[in-house]
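Beneath this line is the structure, given in structure tokens, with notes to follow.
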Amino acid sequence: MSNGAKIALGGVLAAAVLWPLIGFWWALLVLIGVPAVGYLMLDPSQRRRLRRAGRKQIGR
């Protein structure tokens with residue numbers, strides 16, 4: 001299983017668990033907000049490295 005598939009599966013499972021507990025909109029906010037905050041916490045050099053690695057993998 002690829003890393004992307006593992007991440008997608010984790011997101012689906014997190015949504016399935018959070019949805020009945022806190023409601024659809026709050027679960028959606030958590031699923032989108034957590035990765036966004038994690039990305040914004042990176043240094044500019046780490047963001048550049050992450051973007052560069054992402055582009056290399058797209059061209060495969």
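Position 1 is the first residue of the sequence, and the numbers go up from there. Heavy-atom basis, side chains included; hydrogens, waters and symmetry copies ignored.
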Nearest heavy-atom neighbours spanning Pro35 and Val30: CD-O, 4.2 Å
Hphob cluster co-occupancy, Ile32 + Phe24, side-chain heavy atoms under 4.5 angstrom: yes
hydrophobic_cluster_shared for Leu29 and Leu21, side chain cutoff 4.5 Å: yes
For the student: nearest non-hydrogen atoms of Arg47 and Met41, plus distance: NH2-N, 4.4 Å
Hydrophobic cluster membership, Ile22 vs Val34, 4.5 Å side-chain cutoff: yes
Residue pairs fulfilling side-chain hydrogen bond (donor to acceptor under 3.5 Å, both in side chains) with at least one residue in residues 4-26, sequence neighbours excluded: none
Sequence neighbours excluded - side-chain hydrogen bond (donor to acceptor under 3.5 Å, both in side chains) pairs with any residue from residues 32-45: Tyr39-Arg51
Pairs flagged by side-chain hydrogen bond (donor to acceptor under 3.5 Å, both in side chains) wherever residues 7-16 is involved - sequence neighbours left out: none
